Colleague: 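Sending over a structure as structure tokens; questions will come in a sec.
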2 protein chains.
Amino acid sequence: MRSRLTSKSVTVFDVARVSGVSKSTVSLVINGSSKVSDKARKKVEKAIIETGYVYNRDAASLRSRKSNLIAIVINDLTNPYSAQLVVGLEQQIRELGLFSMIVNTGENVETQIQLVKNLKEYNVAAFIICPAPGTTAEWTNNLVDQGFPVVHIMREVTGAKVATVLPDNIRGTSLATQHIIERGHRKIAFLGGNESISDYHQRLAGFTEAMTLADVPFSKKLCIQSNTTRNGGRRAMEQALDIVSDIEAVVCFNDVIAYGAIEYMRSVDKQPGKDIAIVGFDDLKDSRLMSPALSTVHVSATQIAIAVCQVLKNIKDGSRNKILVDIELIIRESS
Amino acid sequence: MRSRLTSKSVTVFDVARVSGVSKSTVSLVINGSSKVSDKARKKVEKAIIETGYVYNRDAASLRSRKSNLIAIVINDLTNPYSAQLVVGLEQQIRELGLFSMIVNTGENVETQIQLVKNLKEYNVAAFIICPAPGTTAEWTNNLVDQGFPVVHIMREVTGAKVATVLPDNIRGTSLATQHIIERGHRKIAFLGGNESISDYHQRLAGFTEAMTLADVPFSKKLCIQSNTTRNGGRRAMEQALDIVSDIEAVVCFNDVIAYGAIEYMRSVDKQPGKDIAIVGFDDLKDSRLMSPALSTVHVSATQIAIAVCQVLKNIKDGSRNKILVDIELIIRESS
DNA sequence: ATACTTTACTGGAACGTTCCTATTTTGTAT
DNA sequence: ATACAAAATAGGAACGTTCCAGTAAAGTAT
């Protein structure tokens with residue numbers, strides 16, 4: 001790809017000449033230094049506009065070895081919760097005066113490796129990664145050892161020496177399941193999700209924990225894995241009903257799964273919320289507005305984003321701590 | 001944001017020293033030049049691995065004034081079609097050997113202006129922009145005049161001197177409406193969308209065109225604007241039924257609107273596809289899998305992405321042409 | 001072997017910024 | 001006015017790469 005027509009670009013020298021100060025002073029003004037006189041600052045600011053000067057971050061970044069570019073490496077942009085999360089992250093990062101760029105791995109670890117390799121060349125200041133399935137601790141640690149600040153989100157990679165920000169999955173499904181049990185249901189299935197990602201184990205653990213604690217018998221057969229897509233949810237619901245035809249309630253791995261499950265229920269003339277109670281996880285925007293409104297575990301993208309930025313700010317201590325963002329059970333019409 | 005611990009980084013000089021050639025030769029190898037002997041290439045490649053050399057794009061980009069970074073400026077990542085589109089673009093761009101980054105304006109023109117201003121500093125090779133409402137031709141033209149290759153997608157900004165890639169909206173809704181009419185429906189509403197974006201006018205035009213051509217009387221009152229969200233679709237459907245309680249069919253601005261409309265239908269005990277025929281626009285993944293499967297106008301994200309890349313490759317001619325990507329009416333169970 | 005062409009390689013300068021040190025200007029106390 | 005400190009400004013070097021022009025090596029024809 002050719003660059004823009006290379007007409008000798010406007011540099012600090014040009015601005016300096018026009019404003020009658022030195023390039024160094026111009027640089028100070030650009031960086032908002034307090035040790036430059038108001039008179040000089042005014043002149044420089046005027047000259048910047050006059051000349052149409054554009055700051056060259058390549059040069060700055062080369063010389064200073066600093067960067068304010070944060071890379072968000074997301075697992076799947078077409079997943080609505082991921083999109084919501086990315087938007088939250090963007091916002092928080094922008095408020096810190098930094099700039100974020102998004103790249104999408106599509107849940108493919110090879111793509112992830114390639115993308116991160118490229119991003120390293122761009123001198124990014126930090127990586128926020130929602131690791132694709134198959135991500136190894138070795139890979140992450142390597143990145144960290146090279147000196148890049150890294151935060152993992154949503155998914156844990158065991159053995160990775162990084163801070164990980166994720167929702168309190170166990171508490172989430174545990175609360176949801178408890179709620180379903182309190183409603184008097186006993187024949188309960190856990191739908192969707194996939195062993196290859198860490199949240200699955202946690203959310204499933206929350207479910208089993210609540211079930212055992214309440215002494216409700218349940219079978220592993222009714223914990224049905226699936227793709228985390230709407231269609232996956234349909235399939236899972238179908239399978240569950242095949243095994244136990246009079247299921248009373250389902251706890252879903254996430255909202256998208258719940259959407260699919262509801263679709264299947266309707267196709268066999270079961271009313272969600274009446275014939276079968278259902279509860280999701282994530283609290284997508286749609287969940288509040290659909291009919292019946294979906295009970296679900298609210299995970300605040302903003303809170304996650306805030307936690308991530310907090311970590312980013314104190315990254316020095318190559319901290320490998322785990323930050324659990326609190327969740328909230330939201331009871332609506334579907335349960 | 002501090003950069004990574006600045007341990008003197010490995011440069012071409014280090015690689016040169018280790019491999020016993022000059023920095024220039026190393027540079028040639030890195031750039032895959034054909035005019036370097038196999039022997040030298042081997043040595044350099046070995047040394048690159050040994051030393052853990054990381055290419056510094058800031059330096060390269062500074063010196064060469066070239067860049068292979070393509071900015072995708074998208075209007076709203078939480079819109080499923082936008083997400084799908086972005087994924088398609090990423091793929092095509094990657095196949096061209098370029099690198100893409102995504103930023104999200106959230107339909108806010110101020111954010112768009114700010115983001116693009118920042119991106120200019122990063123020496124991006126080109127902009128792919130889905131313009132936020134309120135984008136002015138002046139702004140776009142300014143960007144073009146500064147020498148940046150720009151392509152608009154999905155939405156037209158009248159007066160902008162750029163290539164615009166967008167689906168054949170008029171043909172799309174026209175076909176969809178024709179189809180609905182052929183099914184024998186006469187009381188037809190057009191739901192959703194918003195005057196502030198150009199696709200609305202086009203899709204509405206396709207609808208009215210087909211209606212007039214078939215001599216089906218219709219009222220502007222039944223063309224109901226709304227937010228392009230699921231909830232917007234619900235509201236629009238509600239409004240439509242308030243006006244004409246025995247509506248036979250609805251043509252929707254897009255699939256998301258259709259989802260909302262279907263939800264509302266169900267809440268008032270109307271069966272989509274039986275009591276009211278419905279057709280969408282976009283063909284989201286879910287539309288094929290839902291029940292009843294949604295009839296819709298398929299817009300291939302891949303084809304749009306391919307067209308965009310084609311334009312990008314021949315951008316020299318500051319072409320302001322309009323590239324219509326063909327659509328396909330897909331008839332499923334909902335109509 | 002010699003002259004000449006082609007191919008492979010090299011070192012210096014340049015890209016636009018920031019860092020560092022040095023110098024000038026301004027302010028303050030005597 | 002003078003001496004001194006503090007603040008403001010300036011100039012050179014450096015970041016790691018690519019470009020350019022030139023040199024060395026290899027290949028070809030006489």
Side-chain angles (χ1 to χ4, degrees), chain A residues 1-45 47-48 51-69 120-123, chain B residues 1-44 47-48 51-69 120-123 125:
Chain A
M1 174 94 293
R2 198 86 35 70
S3 161
R4 54 208 135 106
L5 330 169
T6 274
S7 51
K8 209 84 176 142
S9 60
V10 179
T11 76
V12 278
F13 287 94
D14 300 305
V15 176
R17 192 168 25 74
V18 170
S19 53
V21 300
S22 77
K23 67 178 189 346
S24 304
T25 305
V26 174
S27 178
L28 289 171
V29 171
I30 292 169
N31 290 292
S33 165
S34 61
K35 47 178 57 177
V36 49
S37 70
D38 279 356
K39 201 175 56 173
R41 186 190 318 282
K42 285 271 159 55
K43 283 191 293 183
V44 169
E45 281 167 351
I48 284 178
T51 55
Y53 169 76
V54 174
Y55 185 60
N56 185 328
R57 280 195 196 270
D58 288 330
S61 167
L62 169 61
R63 174 61 236 235
S64 72
R65 307 175 128 302
K66 279 181 200 143
S67 152
N68 58 32
L69 183 59
K120 283 197 273 187
E121 301 179 350
Y122 283 105
N123 184 25
Chain B
M1 174 93 296
R2 197 87 36 69
S3 162
R4 54 206 137 108
L5 331 168
T6 275
S7 50
K8 210 85 176 140
S9 60
V10 180
T11 75
V12 279
F13 288 94
D14 300 304
V15 175
R17 193 168 22 75
V18 171
S19 53
V21 300
S22 76
K23 67 180 191 342
S24 304
T25 304
V26 173
S27 178
L28 290 172
V29 170
I30 292 169
N31 290 292
S33 165
S34 61
K35 48 180 55 178
V36 48
S37 70
D38 280 358
K39 199 175 58 175
R41 184 190 318 281
K42 285 270 158 57
K43 282 191 295 185
V44 170
I48 285 179
T51 54
Y53 169 77
V54 174
Y55 184 60
N56 185 327
R57 279 197 196 269
D58 287 331
S61 167
L62 170 60
R63 173 63 237 231
S64 72
R65 309 174 128 300
K66 280 181 199 145
S67 151
N68 57 33
L69 182 59
K120 283 196 273 187
E121 302 179 349
Y122 283 106
N123 184 23

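Residue numbers start from 1 in every chain, and the chains themselves are labelled A, B, ... in the order their sequence lines are given, proteins ahead of strands. Everything numeric in this text was worked out from a predicted model, so none of it was measured. All values below were derived from every heavy atom in this structure, side-chain atoms included, with hydrogens, water molecules and symmetry-related copies excluded.
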Colleague: Distance check, rounded to the nearest 0.5 Å: A/R41 atom CZ versus A/S34 atom OG?
Modeller: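 So the CZ of A/R41 and the OG of A/S34 are separated by 8.0 Å.
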Colleague: Just checking B/V12: base, sugar-phosphate only, or nothing, at a heavy-atom cut-off of under 4.0 Å?
Modeller: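 Answer is base: heavy atoms of B/V12 come under 4.0 Å of a base.
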Colleague: Is there a donor and acceptor pair closer than 3.5 Å between the side chain of A/S24 and the base of D/dG11?
Modeller: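 Answer is yes: a donor-acceptor pair is held.
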Colleague: How many Å lie between NZ on B/K39 and C1' on C/dC9, as a whole number?
Modeller: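 So the NZ-C1' distance, B/K39 to C/dC9, works out to 12 Å.
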Colleague: Using a cut-off of 4.0 Å on non-hydrogen atoms, how would the nucleic acid contact of A/N31 be classed: base, sugar-phosphate, or nothing?
Modeller: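 A/N31: backbone/sugar contact only, no base atoms under 4.0 Å.
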Colleague: Go through the steps to decide whether B/S61 and B/N123 satisfy the test side-chain hydrogen bond (donor to acceptor under 3.5 Å, both in side chains), and finish with yes or no.
Modeller: CA-CA 8 Å; B/S61 167; B/N123 184 23; 2.5 Å; yes
Colleague: Whole angstroms only, please: what is the CD-C1' distance between A/E121 and D/dC15?
Modeller: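 My rounded result for the distance is 17 Å.
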Colleague: Where is the tightest heavy-atom contact between B/S9 and B/D14, given as atom of each residue plus distance?
Modeller: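 Looks like O-OD2, 3.7 Å.
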Colleague: Need one value for B/F13: base, sugar-phosphate or nothing, where a base atom within 4.0 Å counts as base even if backbone is also close, heavy atoms only.
Modeller: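 Contact class for B/F13: base.
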Colleague: Distance check needed: D/dC15 C1' versus B/L62 CG, whole Å only.
Modeller: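 Value for this atom pair: 9 Å.
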Colleague: Send over the distance from A/L28 CG to D/dA10 P, rounded to a whole Å.
Modeller: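 Value for this atom pair: 10 Å.
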Colleague: Would you kindly give the CZ-to-C1' distance between B/R17 and D/dG16, to the nearest whole Å?
Modeller: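 The distance from CZ of B/R17 to C1' of D/dG16 comes to 15 Å, rounded to the nearest Å.
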Colleague: Nearest-Å distance, CG (A/N68) to P (C/dT18)?
Modeller: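 About 12 Å, once rounded to whole Å.
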Colleague: Can you find a side chain N or O atom of A/S27 that sits less than 4.0 Å from OP1 or OP2 on C/dC19?
Modeller: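 For A/S27, the contact criterion (side-chain N or O under 4.0 Å from OP1 or OP2 of C/dC19) is not met.
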